[in-house]
Amino acid sequence: MCQGIPRTVLEVAAGRVRVDMDGEPRWLPASERLGTLAVGEYVVVYAGMALERVSPEEAQEQLRFLRYLEDAFPTDHI
């Protein structure tokens, strides 16, 4: 199952964006719908592409929920 995850924008270039992927900077293609981005903004990444901008509040809420799920359902025993 894939889901969109908010990521912090680290750098912006023509048609692509560098985001923080769990501590690892990674360049991804950016949807044309994003328009102009700034360093520090959040974008939703899905299937290896930055698709939409989200507010810092919404991004933090989604990231808290994902951490909650990871804690509630650990996979280290699999």
Regarding Y42 and E58, is there a side-chain donor-to-acceptor distance under 3.5 Å anywhere? no
Check for me, please, whether L28 and I5 land in the same ILVMFWY cluster - side-chain distances under 4.5 Å, paths through other members count. no
Within the distance-only criterion (no hydrogens, no angle test), does the side chain of R26 pair as donor or acceptor with the backbone N or O of G48 below 3.5 angstrom? no
Between D20 and L10, which heavy-atom pair has the shortest distance, and what is it? N-CD1, 3.7 Å
Please report the shortest heavy-atom distance between E41 and T36, naming the atom on each side. OE1-O, 4.2 Å
Do V39 and T8 come within less than 4.5 Å of each other through their side chains, counting heavy atoms only? no
Closest non-hydrogen contact found for Q62 with P6 is OE1-CG, 3.1 Å
Identify the heavy atoms of Q3 and L66 that sit nearest to each other, and give their distance. NE2-CD2, 2.7 Å
Neighbour count >12 (heavy atoms, 6.0 Å) for atom CD, E61: no
Does L34 share a hydrophobic cluster with V45, counting links as ILVMFWY side-chain heavy atoms below 4.5 Å and allowing steps through other members? yes
Heavy atoms only: give me the nearest G23-P25 pair and the separation to one decimal. O-CD, 3.8 Å
Shortest non-hydrogen separation from V54 to A59 and the atoms involved: CG2-CB, 3.9 Å
Is R7 reaching over with its side chain to a backbone N or O of M21, donor-acceptor style, under 3.5 angstrom? no
Do E52 and Y46 have side chains that approach each other closer than 4.5 Å (heavy atoms only, starting at C-beta)? no
